[in-house]
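The structure under discussion appears below in the form of structure tokens.
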Amino acid sequence: MVELAYVKKRKRRKLVAILSGIASLAIAVFIIVAFLGRFVGTFTVALDSGDVKLSLAEKSSFEEATSYIKFDQLPSFDLTTFTNLPEASTIDNEQSDYLYGAVPDGKGNSVLRYFKSTFYVKNTGEITADYDLKINITKNEPGTTAKGGLIYLDTILRVMVYENNADTDEHNYSVYAHKRRTPNTSTVEADIFKEYTSYSDESELREYGEDLPFLAEMFETDNTVVTLSNIGFTKGETKRYTIVTWLEGEDIDAQGNPPKGGNLKLGVTINAYENTK
């Protein structure tokens, strides 16, 4: 169990928040992240480039280009908070692998504070490709809180998506969270149902500065995290993508302890097609 006080005492690492719209892969992708007590989850990335020529790899050198990436036997998830994630340059980096967020649980096993996957996509064809990205919640079974109540894990889930050109040191990203059930009275009217990415208590906001935590973008619907449409991918272009998921311990619904049980699966579909303009 992780007490919330422990999470709050961890030193905040400042991340520069860039909340502009983002693009993502010019391929078809299916991602599964499962949280189920001691359940061992899977994360897969599958390439279906259709009429355009794309290449997928975990390294920018593309020495081991593939059409399918799969991560098996993910440890169970523990709570963490956005302000305890590594610096953007570390997490959005091919040198930090998908188990970078694993820590010992004190019982001879490991737990994941966060899961991350970094991979590269290159347009190796002669034409410009367009693509649409959609992240769906494909399975959502409740677990139990420390007090014995039911909790759906999507209520405390955070999804962070990085999209950047591979030859730059930029780390642009957006964070997504479920729509609040009750209004957020500390925000302007247009944002009243947005969750904080991390802390929400006003005293914590003063302690950690005005730049963090920022408000997360709302899930599009109960079953869709986000849809990104008509994104271009030019000839020879290479992009770096990192997807990070975690269970936010500072979300009021988390109650300071990791839920027991629960099963949440995310399906990410990205469809590529020829740009005819």
Side-chain angles (χ1 to χ4, degrees), residues 13 15-35 41-49 54-75 77 80 82 84-103 110-124 131 133-135 157-176 197 225-226 228 231 233 236-247 265-270 272:
R13 296 188 175 110
L15 300 178
V16 179
I18 303 174
L19 296 177
S20 58
I22 61 172
S24 195
L25 301 176
I27 58 177
V29 174
F30 184 67
I31 296 174
I32 298 177
V33 181
F35 310 94
T42 300
F43 179 101
T44 63
V45 180
L47 185 151
D48 181 8
S49 57
L54 305 176
S55 184
L56 170 69
E58 295 182 75
K59 301 295 182 180
S60 57
S61 64
F62 284 86
E63 293 178 357
E64 297 182 7
T66 183
S67 62
Y68 191 72
I69 299 173
K70 183 177 182 179
F71 302 97
D72 276 329
Q73 299 182 340
L74 296 183
F77 274 69
T80 191
F82 172 81
N84 283 342
L85 295 177
E87 297 287 344
S89 60
T90 298
I91 200 169
D92 182 29
N93 190 313
E94 64 184 88
Q95 300 303 320
S96 56
D97 67 19
Y98 72 103
L99 291 178
Y100 195 81
V103 296
S110 295
V111 293
L112 273 179
R113 293 287 172 81
Y114 60 88
F115 171 81
K116 60 90 65 179
S117 175
T118 299
F119 44 92
Y120 294 82
V121 177
K122 185 175 183 178
N123 185 348
T124 58
Y131 59 93
L133 178 148
K134 189 171 187 178
I135 303 178
L157 177 71
R158 301 294 188 269
V159 179
M160 179 161 57
V161 184
Y162 286 87
E163 185 275 334
N164 293 277
N165 289 330
D167 58 353
T168 72
D169 292 328
E170 295 179 342
H171 301 284
N172 299 331
Y173 65 87
S174 287
V175 178
Y176 301 90
T197 301
V225 175
V226 64
L228 305 173
I231 301 168
F233 197 43
E237 187 174 3
T238 302
K239 292 189 177 182
R240 180 183 67 251
Y241 298 91
T242 297
I243 297 178
V244 187
T245 61
W246 72 95
L247 301 181
K265 294 185 178 182
L266 303 181
V268 179
T269 304
I270 303 169

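Positions are given from 1, in the same order as the sequence printed here.
- Contact of the Ser174 side chain with the Val161 side chain is not registered, since no non-hydrogen atoms from C-beta on lie closer than 4.5 Å.
- Residues Tyr162 and Val244 are in side-chain contact: their nearest non-hydrogen atoms beyond the backbone lie under 4.5 Å apart.
- Nearest approach of Ala65 to Ala57, heavy atoms of both residues: CA-CB, 4.1 Å.
- For the atom pair CZ (Arg113) and CG (Leu247), the distance works out to 11.5 Å, reported to the nearest 0.5 Å.
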query = After noting the C-alpha distance and the side-chain angles of Glu94 and Ser60, does the key distance pass the side-chain hydrogen bond (donor to acceptor under 3.5 Å, both in side chains) rule?
reply = CA-CA 8 Å; Glu94 64 184 88; Ser60 57; 2.9 Å; yes

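- Partners of Thr238 by side chain to side chain donor-acceptor pair (under 3.5 Å), not counting sequence neighbours: none found.
- No donor-acceptor pair under 3.5 Å is formed between the side chain of Lys239 and the backbone N or O of Phe233.
- Counting only distance, with no hydrogens or angles, the side chain of Lys116 and the backbone of Gly101 share no donor-acceptor pair below 3.5 Å.
- Atom-to-atom distance recorded for Tyr241:OH and Asn164:CG is 9.5 Å, nearest 0.5 angstrom.
- Leu85 is listed as a side-chain neighbour of Trp246, based on a closest heavy-atom distance under 4.5 Å.
- Rounded to the nearest 0.5 Å, atoms NZ (Lys59) and OH (Tyr120) are 8.0 Å apart.
- Looking at Val103 and Val111, their side chains come closer than 4.5 Å, going by heavy atoms from C-beta outward.
- Remark: Glu237 does not engage Lys122 in a salt bridge, criterion side-chain N to carboxylate O under 4.0 Å.
- Arg240 pairs in a side-chain hydrogen bond (donor to acceptor under 3.5 Å, both in side chains) with only one of the listed residues (Asp167, Asn93, Asn165, Asp92), which is Asp92.
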Check against side-chain contact (heavy atoms from CB on, under 4.5 Å), Phe115 and Ile243 = CA-CA 8 Å; Phe115 171 81; Ile243 297 178; over 6 Å; no

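- A tilted orientation is assigned to the rings of Tyr114 and Tyr100, their planes being inclined by 30° to 60°.
- In this view, Thr124 satisfies the side chain to side chain donor-acceptor pair (under 3.5 Å) rule with no residue, not counting sequence neighbours.
- The shortest heavy-atom contact between Ser96 and Ile91 is OG-O, 3.8 Å.
- For the pair Ser117 (side chain) and Tyr98 (backbone), a donor-acceptor distance under 3.5 Å is absent.
- Scored by the side chain to side chain donor-acceptor pair (under 3.5 Å) test, Glu170 finds no partners at all (sequence neighbours excluded).
- In this structure, the side chains of Met160 and Tyr176 stay at 4.5 Å or more apart for every pair of heavy atoms.
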